[in-house]
Undergrad: 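Mind looking over this structure? Questions follow.
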Amino acid sequence: MSAVENLSVSGPGKRSAVRSLLRLWPYVRPVRARFGTAAAVAVVASCTGLIVPLVLKWIIDGPVAARDTAGVWWGGALLLAVGVAEAALFGLRRWLVARPLAGVEAAMRADLYQRLQRLPVAFHDRWSSGQLLSRATADLNLLRLFLVFPLTFLLVNGVTILVGCVILLAQDWVLGLIVLAPVPPLIVLCTVFSRRYAGAARTAQDQVGDLTTGVEESVLGIRIIKGFGRHRSQARAFRALSERLMGTELHKARLLGVVWGLILAVPELALGTALVLGTVQVADGALSAGTLVAFLSTALALRWPVESIGFLLAMSNEAAGAADRYFEVMDEPVPPEASGAHPAPAGGRSGDGLRFEGVRFRYPDADPAAPPVLDGVELHVRTGETVALVGATGCGKTTLTALVPRLHEVTDGRITLDGVDVAALPRAEVRERVAVAFEEPTLFSASVRENVLMGAPGAADEELWRALRVAQADGFVAALPAGADTEVGEQGLSLSGGQRQRLALARAVVGRPRFLVLDDPLSALDVHTEAKVEAALRKVLATTTALVVAHRPSTVLLADRVALLSRGRIAAVGTHEELLAASAEYRRLMAGDEARDDVAREGAL
């Protein structure tokens, strides 16, 4: 069972299908008038079809028995009119629901996307992208199909069966009771089937999510797969996922086959019995031929409404599972925009810079007994100052930088920007003040211009090229086939690692931010390019307040001061020269001894 399957055990086993599907009402409510009209039209259309047996009875017992040719023609015309009316009504019903229910699907998809954007990074760390993709595509498609077909036709077929039963009993109550005898056992059968099919349907939907994740990872990691010759092992892993899904789908097919077979067979036995008895009654003169034909025609008209019950229940249970999966994401709590937990003076202290005051942080899914990643961080980056953050691998440098733009929320303590607690500010405002560039640059399937200007939407062209010059990216961008309008492809994989990192740096500086957080922004650059970027970056850092994660001495030299992070705390703060003189741990980091110690420990293991 996948991790997400473990998360989603609250599906059909703990919530009824009806309760799950009722949660769709807020989306259906705006189109309820048109949807209700369409359902009413469908009921009228379906019941119109039940007029046909009554017309046949009149034709046989009337014009046919009296050898009235003109009456037969009138009867045929009436049958044609009924058929045309039924077809027109079903066509009207389809027209009524098509646009509004497509709008319902679009609204649900938009809400899901908006929720995914607002959910914290910790949520995205737990959930695979394939599971989220399947919820936004396959599951929403199932819900739309449910609203279009099963939801309407469970009502329509139910009313049709009820009206048909009344007509059958009115024709001949003995034959009617014989035909209706299978109803109680079929109700029990459908109840058992619905419960079992719901579990299988939910399992299949989760497995589709796992399969989607596997495909996505294989496509994004195709260079690694080919580079290490792992295509066969990946194919075996994918085949295993596919076969697991196939097994679940076959189980669903067996369940549906059994219930559908019984739903088809049992009523047919009852209908056959009624036919034999009805024929005997006609032969004895106790029943007219027209009445028998009308009775059998009505019973046959009810075949599809009865036979479709298994199919409609299957689709409804799949939709219930899809609704559960959709609302699992929608029910995830979104952190408040501004908690107000640590109110600051109005307007803050202008020029106070960036402060970390007793900051503690523990990941939500971490072992409660484990020490926090950050444990009482105290650091002040003065306005206009650049502080380099250094420390051993895994000490929490990247985590600390992620707290500034509120990608994670602090567990305790606070972070202030010019005296204002970031927790008391809306995230949009925090991210207007703070620009970030991560060690692993992420680019989107868009043009260079669009990727860079994400850091300053609406910025002028001259600002774009200024940022590219700072990142030493203007040269290679100008050489691209369409310049800044060149599409960089998915994840920017058409570019080198250094080019992607330079574009990410340009994105961070294009908006001239008041606060700049850079997580080892030069790690993928060669020595000569790094020197050029550092020279240009000095001018930017001179006009902003910056916290820069550094691993190389050359990056450390960009800073006014250096902060050493160790064991979740700031162990020392000073200039590069001061820390070299006072801190043995800092000397080891700058000399590379820490890395050699790590290698030695791994070799010993």
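Fair warning: this is a prediction, and the values are worked out from it, not measured in the lab. Computed over heavy atoms, backbone and side chain alike; hydrogens, waters and symmetry mates excluded.
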Undergrad: Test side-chain hydrogen bond (donor to acceptor under 3.5 Å, both in side chains) on Glu585 and Ser566; report intermediate values, then the result.
TA: CA-CA 9 Å; Glu585 182 178 357; Ser566 178; 3.2 Å; yes
Undergrad: Over all heavy atoms of both residues, which pair between Leu245 and Ala204 is shortest? Give the atoms and the distance, please.
TA: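 So the two residues come closest at CD1-O, 3.6 Å.
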Undergrad: Just by distance, with hydrogens left out, do Asp519 and Thr398 show a side-chain donor and acceptor under 3.5 Å apart?
TA: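 Side-chain D/A pair, Asp519 to Thr398: present.
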Undergrad: Kindly say whether Gly391 contributes a backbone atom to a donor-acceptor pair with the side chain of Lys397 at under 3.5 angstrom?
TA: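 Answer holds: yes.
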Undergrad: Under the salt bridge (charged side-chain N to carboxylate O under 4.0 Å, His left out) rule, what do Glu409 and Arg427 come out as? Steps first, then yes or no, please.
TA: CA-CA 11 Å; Glu409 300 292 340; Arg427 286 183 180 78; 2.8 Å; yes
Undergrad: Is there a donor-acceptor pair closer than 3.5 Å between any side-chain N or O of Thr544 and the backbone N or O of Pro513?
TA: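 Yes; at least one donor-acceptor contact below 3.5 Å.
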Undergrad: Can you tell me how far CD of Glu105 sits from CG of Leu142, rounded to the nearest 0.5 angstrom?
TA: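 Leu142 atom CG to Glu105 atom CD measures 10.0 Å (nearest 0.5 Å).
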Undergrad: If you look at every heavy atom in Thr213 and Ser129, which pair is closest and at what distance?
TA: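 Looking at all heavy atoms of both residues, the shortest contact is OG1-C, 4.4 Å.
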Undergrad: Answer with yes or no whether the side chains of Thr545 and Glu385 bring together a donor and an acceptor at under 3.5 Å.
TA: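 Judged by distance alone, the side chains do not pair up.
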Undergrad: Side chains of Leu564 and Val573: does their closest heavy-atom pair fall under 4.5 Å?
TA: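 Result no, sub-4.5 Å side-chain heavy-atom pair not found.
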Undergrad: Measure the spacing between CD of Glu577 and CG of Leu580 and express it to the nearest 0.5 Å.
TA: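 Between atom CD of Glu577 and atom CG of Leu580 there are 7.0 Å.
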Undergrad: Under 3.5 Å, side chain of Arg362 to main-chain N/O of Ala370, donor-acceptor pair present?
TA: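 Checking the backbone N and O of Ala370 against the side chain of Arg362, a donor-acceptor pair under 3.5 Å is found.
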Undergrad: Looking at Ala319 and Leu143, what are the two nearest heavy atoms and their distance?
TA: O-CD2, 3.2 Å
Undergrad: Within a strict 4.5 Å, meaning less than it, do heavy atoms of the Tyr326 and Asp111 side chains meet?
TA: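 Contact flag for Tyr326/Asp111 side chains = yes.
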Undergrad: Check this for me: does any side-chain nitrogen of one of Arg202 and Glu328 sit under 4.0 Å from a carboxylate oxygen of the other?
TA: yes
Undergrad: Would a distance-only check, ignoring hydrogens and angles, find a side-chain to backbone donor-acceptor pair under 3.5 Å from Arg406 to Leu425?
TA: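 The answer is yes, because a donor-acceptor pair under 3.5 Å joins these two groups.
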Undergrad: With a 3.5 Å distance limit and no angle check, can you tell me whether Glu429 reaches the backbone of Pro426 through a side-chain donor-acceptor pair?
TA: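 Answer holds: no.
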Undergrad: Could you walk me through whether Asp210 and Arg244 pass the salt bridge (charged side-chain N to carboxylate O under 4.0 Å, His left out) check?
TA: CA-CA 10 Å; Asp210 292 338; Arg244 187 175 62 160; 3.1 Å; yes
Undergrad: Can you find a pair of side-chain heavy atoms, one from Leu403 and one from Val377, that are under 4.5 Å apart?
TA: no
Undergrad: Contact between Val470 and Arg466 at the side-chain level, heavy atoms closer than 4.5 Å - yes or no?
TA: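 The answer is yes, as the side chains (C-beta and beyond) meet within the 4.5 Å cut-off.
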Undergrad: Will you find, in the side chains of Arg325 and Gln131, an N or O donor that is under 3.5 Å from an N or O acceptor?
TA: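 Arg325 vs Gln131: donor-acceptor pair found between side chains.
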Undergrad: Once you round to the nearest 0.5 Å, how far does NE2 of His551 lie from OG1 of Thr393?
TA: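 Taking NE2 in His551 and OG1 in Thr393, the distance rounds to 5.5 Å.
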Undergrad: Could you go through the side-chain contact (heavy atoms from CB on, under 4.5 Å) check for Val410 and Ile415 one step at a time?
TA: CA-CA 8 Å; Val410 297; Ile415 301 171; 3.9 Å; yes
Undergrad: Do you know the tightest heavy-atom contact between Pro553 and Met590?
TA: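 Heavy-atom minimum between the residues: CG-O, 3.9 Å.
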Undergrad: Strictly distance-based, threshold 3.5 Å: is any side-chain N or O of Arg514 a donor or acceptor partner for the main-chain N or O of Val434?
TA: no
Undergrad: Going by the angle between their ring planes, with limits at 30° and 60°, are Phe361 and His408 parallel, tilted or perpendicular?
TA: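 Rings of Phe361 and His408: tilted, 30 to 60°.
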Undergrad: Would you say CZ of Arg567 has more than 12 non-hydrogen atoms from neighbouring residues, nucleotides or ligands within 6.0 angstrom?
TA: no
Undergrad: Any donor-acceptor pair under 3.5 Å linking the side-chain atoms of Asp421 with those of Thr416?
TA: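 No, because no side-chain N or O of Thr416 sits under 3.5 Å from a partner of the opposite role on Asp421.
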Undergrad: For Ser20 and Asp324, which heavy atoms make the closest approach, and how far apart are they?
TA: OG-OD1, 2.8 Å
Undergrad: Please walk me through it: do Val509 and Arg512 pass side-chain contact (heavy atoms from CB on, under 4.5 Å)?
TA: CA-CA 5 Å; Val509 303; Arg512 300 178 185 268; over 6 Å; no
Undergrad: Going from CZ on Phe515 to CZ on Arg433, what distance comes out if it is rounded to the nearest 0.5 angstrom?
TA: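 Reported to 0.5 Å precision, the distance equals 7.0 Å.
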Undergrad: Compute the ring centroids of His380 and Phe356, then answer whether they are less than 6.0 Å apart.
TA: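 Centroid separation for His380 and Phe356: 6.0 Å or greater.
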Undergrad: side-chain contact (heavy atoms from CB on, under 4.5 Å), that's the test. Do Arg449 and Asp461 meet it? Break it down for me.
TA: CA-CA 9 Å; Arg449 182 187 308 277; Asp461 206 52; 2.3 Å; yes
Undergrad: Are Asp352 and Arg355 close enough that some pair of their side-chain heavy atoms sits under 4.5 Å apart?
TA: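 A side-chain contact under 4.5 Å exists here.
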Undergrad: Looking at side-chain heavy atoms only, is the closest gap between Arg23 and Asp331 below 4.5 Å?
TA: yes
Undergrad: What is the ring orientation for Tyr27 with Phe327, classed by angle as parallel under 30°, tilted 30 to 60°, or perpendicular over 60°?
TA: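 Geometry flag for Phe327 against Tyr27: tilted rings.
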Undergrad: When rounded to the nearest 0.5 angstrom, what distance separates CZ in Phe123 from CZ in Arg118?
TA: 13.0 Å
Undergrad: Could you tell me whether the side chain of Thr399 reaches within less than 4.5 Å of the side chain of Leu374, counting heavy atoms only?
TA: yes
Undergrad: Please answer whether the main-chain N or O of Leu133 pairs with a side-chain N or O of Thr137 as donor and acceptor at a distance below 3.5 Å.
TA: yes
Undergrad: Between Arg109 and Ala136 (side chain of the first, backbone of the second, donor and acceptor by atom type, cut-off under 3.5 Å), is there such a pair?
TA: yes
Undergrad: Assess whether atom OH of Tyr113 is packed by more than 12 heavy atoms of other residues, nucleotides or ligands within 6.0 Å.
TA: no
Undergrad: Using only atom types and a distance under 3.5 Å, with no angle test, would you say the side chain of Gln117 pairs donor to acceptor with the backbone of Gln114?
TA: no
Undergrad: Is the shortest heavy-atom distance from the side chain of Val548 to the side chain of Leu558 under 4.5 Å?
TA: no
Undergrad: Take Glu332 and Arg126, measure what salt bridge (charged side-chain N to carboxylate O under 4.0 Å, His left out) needs, and give me the verdict at the end.
TA: CA-CA 12 Å; Glu332 283 286 332; Arg126 296 198 318 270; 3.4 Å; yes
Undergrad: From Ser583 OG over to Leu589 CG, what is the distance, rounded to the nearest 0.5 angstrom?
TA: 8.0 Å
Undergrad: Which of these passes side chain to side chain contact (heavy atoms under 4.5 Å, CB included) with Leu547: Val387, Leu518, Val436?
TA: Val387
Undergrad: Identify the heavy atoms of Ala446 and Asn451 that sit nearest to each other, and give their distance.
TA: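 Closest heavy-atom pair between Ala446 and Asn451: O-ND2, 3.5 Å.
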Undergrad: Mark yes or no for whether Asp560, through its side chain, and Thr386, through its backbone, hold a donor-acceptor pair below 3.5 Å.
TA: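 Such a contact is found between Asp560 side chain and Thr386 backbone.
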Undergrad: Step by step, work out the side-chain contact (heavy atoms from CB on, under 4.5 Å) result for Leu468 and Val452.
TA: CA-CA 8 Å; Leu468 291 174; Val452 173; 4.1 Å; yes
